[in-house]
Amino acid sequence: MRVIYADDEKPALDNFSLTVANFWEIDSLELFQSGENALAWAQNHIVDVAFLDMEMPEIHGLELARKLKQHDPRIRVIFVTAFSQFAL
């Protein structure tokens with residue numbers, strides 16, 4: 001499985017990387033502190049799953065998900081957030 005994770009907070013990226021380090025299902029993991037960079041990378045690479053923060057400076061997680069799905073409808077999106085209003 002090819003995974004990307006976009007979050008503007010470096011500690012969140014580091015924590016995610018450590019959390020999934022031993023998941024044999026993940027063949028590749030790309031981490032991005034910018035939603036725009038994640039989108040640009042995904043447009044040139046195959047992505048199976050995208051973990052996305054909701055609140056990012058350049059592009060909101062929902063908008064990023066929409067653009068990723070427009071590019072490839074098969075991408076599975078999982079939102080990662082500390083904001084309770086988005087969790088529900």
| message | Let me confirm one number: the CG-CG distance from Leu31 to Leu13, rounded to the nearest 0.5 Å. | response | 5.5 Å
| Got a sec, which residues hit salt bridge (Lys or Arg N to Asp or Glu O under 4.0 Å) with Arg2, two or more places apart in sequence or on another chain? | Asp48
| remark: Nearest heavy-atom approach of Ile4 to Ala42 is CD1-CB, 4.4 Å
| Side chains of Phe79 and Leu62: does their closest heavy-atom pair fall under 4.5 Å? | yes
| query | Do Met56 and Leu64 have side chains that get closer than 4.5 Å, going by heavy atoms? | reply | yes
| query | Atom CD of Gln70 and atom NZ of Lys67: how far apart are they, to the nearest 0.5 Å? | reply | 8.0 Å
| request: Any chance you could lay out the side chain to side chain contact (heavy atoms under 4.5 Å, CB included) test for Val20 and Val3, step after step, and finish with the verdict? | output: CA-CA 10 Å; Val20 302; Val3 176; over 6 Å; no
| Which pairs with one or both residues in residues 23-39 pass side chain to side chain donor-acceptor pair (under 3.5 Å), sequence neighbours excluded? | Ser34-Glu58
| query | Should we count CG of Leu18 as having more than 12 external heavy atoms under 6.0 Å? | reply | yes
| message | Classify the ring geometry of Phe16 against Tyr5: parallel below 30°, tilted from 30° to 60°, perpendicular beyond 60°. | response | tilted
| Is there a side-chain contact between Val47 and His71 (heavy atoms, below 4.5 Å)? | no
| query | Could you give the distance from CE (Met1) to CD1 (Ile46), rounded to the nearest 0.5 Å? | reply | 14.5 Å
| message | Looking at every non-hydrogen atom in both residues, tell me the closest pair between Ala12 and Asp7 and how far apart they are. | response | CB-OD2, 3.4 Å
| said: Return the CG to CZ distance between Leu68 and Arg76, rounded to the nearest 0.5 Å. | reply: 13.5 Å
| said: Quick check for you: to the nearest 0.5 Å, what is the distance between Asp8 atom CG and Ile59 atom CD1? | reply: 12.5 Å
| query | Between Val49 and Phe51, which heavy-atom pair has the shortest distance, and what is it? | reply | CG1-CE1, 3.6 Å
